[in-house]
Peer 1: 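Pasting a structure below so you can have a look.
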Amino acid sequence: MKIYNTLSKKKEEFVPIEEGKVRMYVCGPTVYNLIHIGNARPMIVFDTVRRYMEHKGFEVNYVSNFTDVDDKIIKKAVEEGVDAAVVSKRYIEECKKDMAAMNVKPATVHPLATEEIGGMLDMIEELIKKGYAYKAEDGTVYFRTRNFKEYGKLSHKNLDDLQGGNRILLVSGAEQKEDGLDFVLWKPKKEGEPSWESPWCDGRPGWHIECSVMSKRYLGDEIDIHAGGEDLIFPHHENEIAQSEAANGKTFARYWMHNAFLNIDNRKMSKSAGNFFTVRDISEKYDLQILRFFMLSAHYRSPLNFSAELMEAAKNGYERIVTSVENLNYLLENMASGVSQKAEMSVEEQKLLEEAKGFAVKFDEAMDDDFNTADAIAAIFELVKFVNTHAGEGSSEAFLASLKEEILELTDICGLIAEKNAELLDADIEELIAERQAARKAKNFARADEIRNQLLEKGILLEDTREGVKWKRV
Ligand code: AMP
Ligand code: ZN
């Protein structure tokens, strides 16, 4: 499996740190509003990377944070006259709903920056101890960028080019940094802002330190993949590398993956220009499976243009797959009701099935080549065409069932639900389980039982264990 690594600007063979396991960190959204369709791109793309790796047999520890302390969140809270936590909690919940509707699996852990302050204080202290950070007079702690000799290795920037733009602020005395390249690790609080005590001043963390710390806590000092949108390469990811490698003395992440941007009608998405859509806006017109299909129809490193026509094309494409599965189901049901009774595969069908397996091989080849989902979806289309040509009233049950299984396996790797209404999403199941737990807590046992039975009807078996509720598909 090859991955394009922003660090080397090359496709490299993927070799995990620990055999059979993948440690992956994806920078999550800042939660001050409903997520927009640009934010949905990394969510869908890297969820698909995760699903493909799981299909290949890797156990993926997938961590994706929510940045829940930030200027934009504070601004919104002030406008509404509420606590910043009210705003961030609300939009985390809304984001999770959108993720579920896009069939993005919940991360193994979704850490919140505000719950990881202790780790941030520890890392900053370590950086000061090692001479990589210093406190300015007003209590701000800065990273001493020039001490980290490899600074610029991810964004392929030259330190002296970077210095130019920053000099003006230093000369004017607007900043108390030793050097224009230094960046904030900890900043003093302003009136009315959320803040935490620290050895330097009451204040809050800089954005970059959050991810270095959350990644370390849940995945360790060294991870396999760190990912996000391409706007994060500089300065966010460059700074994360500097902090983590300076503090831990180890290579932070082996592979850096970045998705290109999504534009609308060939222009940069912008609220003020009026070309801006939230995922929720799109859900009013389309099933979000179609948004997911649309996102995967391009390679993640190519810019993607969003337009009404392209969404309609995505709708047609997705429906072609769904219709093919519906046809197979129709044929299988007819068989069950005795219209046609061929259970065993004929020799000719066996040959056809071998041929059909070739599309799965093509799919894997495309995904092995830096997750080329555009070609992978093309392979699914070829399979659908093949199925539409060769499956019919005279087919055997085994043949039809195998073809259906192959379509569902490939679409499932893409996180696309090709069999409508038949399957509950993992996220829906988790949500119902949470509702059942709440009902039990409130002693509403009738509702709790109702949910258990509702899930059972859909083939989901719940098991109450000491570690909590476990579920499986039966
Ligand atoms: P933010 O909340 O701005 O930190 O963004 C969360 C994630 O969405 C980051 O990985 C960004 O790079 C990504 N992102 C933001 N806007 C776009 C866009 N228009 N296209 C693709 N990715 C985006
Ligand atoms: Zn980050």
Side-chain angles (χ1 to χ4, degrees), residues 6 24-47 49 62-73 75-76 87-88 91-92 94-95 98-99 102 104 107 109-113 116 119-120 123 154-155 183 185 205-219 223 225-244 252-253 256-271 273 275-279 282 291-292 294-296 298-307:
T6 308
M24 181 163 179
Y25 186 95
V26 182
C27 289
T30 306
V31 278
Y32 65 100
N33 215 333
L34 291 173
I35 56 164
H36 58 66
I37 55 174
N39 300 136
R41 191 170 190 194
M43 286 177 184
I44 290 170
V45 160
F46 298 118
D47 177 63
V49 168
Y62 189 96
V63 177
S64 190
N65 68 297
F66 287 111
T67 294
D68 63 342
V69 54
D70 172 87
D71 288 346
K72 294 190 201 108
I73 300 173
K75 183 166 171 265
K76 179 102 173 192
V87 171
S88 58
Y91 290 114
I92 288 170
E94 296 303 329
C95 177
D98 287 336
M99 284 168 67
M102 296 187 295
V104 169
V109 193
H110 278 292
L112 306 183
E116 308 289 340
M120 297 181 208
M123 191 179 275
L154 180 72
S155 51
F183 58 88
L185 298 174
W207 172 35
H208 318 301
I209 196 76
E210 297 174 6
C211 287
S212 280
V213 167
M214 291 186 270
S215 178
K216 179 182 170 81
R217 162 120 193 244
Y218 295 99
L219 298 169
I223 70 170
I225 301 174
H226 196 116
E230 66 183 3
D231 58 322
L232 300 186
I233 298 173
F234 187 85
H236 186 52
H237 288 164
E238 195 71 63
N239 291 355
E240 279 188 46
I241 293 178
Q243 297 164 154
S244 295
F252 179 32
W256 287 85
M257 295 181 72
H258 294 99
N259 64 272
F261 257 42
L262 177 117
N263 295 316
I264 297 188
D265 295 326
N266 291 311
R267 285 181 308 152
K268 189 171 185 281
M269 184 158 62
S270 130
K271 245 185 196 165
N275 62 341
F276 179 93
F277 294 111
T278 63
V279 168
I282 303 304
L291 183 68
R292 184 167 183 125
F294 165 76
M295 297 276 183
L296 296 179
H299 188 264
Y300 75 94
R301 284 190 291 113
S302 306
L304 178 58
N305 188 42
F306 179 95
S307 70

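Worth saying up front: this structure is predicted, and the values here are computed from it rather than measured. Whatever order the structure lists them in is the order used to number ligands and atoms, beginning at 1.
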Peer 1: Check all N, O or S atoms of His236 and name the one closest to the Zn ion (ligand 2).
Peer 2: NE2

Peer 1: For residues His208 and Gln243, is any side-chain donor paired with an opposing acceptor at under 3.5 Å?
Peer 2: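 No, no side-chain donor-acceptor pair sits under 3.5 Å.
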
Peer 1: Within the protein, flag every N or O under 3.5 Å from an N or O of ligand 1, and note the pair and distance.
Peer 2:
from	atom 1	to	atom 2	distance (Å)
ligand 1	2 (O)	Thr30	N	3.0
ligand 1	5 (O)	Asn39	ND2	3.3
ligand 1	8 (O)	Asn39	ND2	3.2
ligand 1	10 (O)	Gly229	N	3.0
ligand 1	12 (O)	Gly229	N	3.3
ligand 1	12 (O)	Asp231	OD1	2.4
ligand 1	19 (N)	Leu262	O	3.2
ligand 1	20 (N)	Leu262	N	2.9
ligand 1	22 (N)	Gly38	O	3.1
ligand 1	22 (N)	Asn259	ND2	3.4

Peer 1: Taking the Zn ion (ligand 2) as the vertex, how big is the angle to SG in Cys27 and SG in Cys211, rounded to 10°?
Peer 2: 130°

Peer 1: Aromatic rings His236 and Trp207: how do their planes relate, parallel, tilted or perpendicular, breaks at 30° and 60°?
Peer 2: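 Aromatic pair His236/Trp207 classed parallel.
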
Peer 1: Between Asn263 and Asn305, is there a donor-acceptor pair closer than 3.5 Å when you use the side chain of the first and the backbone of the second?
Peer 2: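 Looks like no, no N/O pair under 3.5 Å.
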
Peer 1: Check side-chain contact (heavy atoms from CB on, under 4.5 Å) between Asp265 and all other residues, then give those that pass, not counting sequence neighbours.
Peer 2: Ser307

Peer 1: Does the side chain of Tyr25 come under 3.5 Å of the side chain of Asn65 through a donor N or O and an acceptor N or O?
Peer 2: yes

Peer 1: Are there more than 12 heavy atoms of other residues, nucleotides or ligands under 6.0 Å from atom CZ of Phe183?
Peer 2: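 Yes, enclosed.
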
Peer 1: Any chance you could measure Asn33, atom CG, to Phe276, atom CZ, to the nearest 0.5 Å?
Peer 2: 6.0 Å

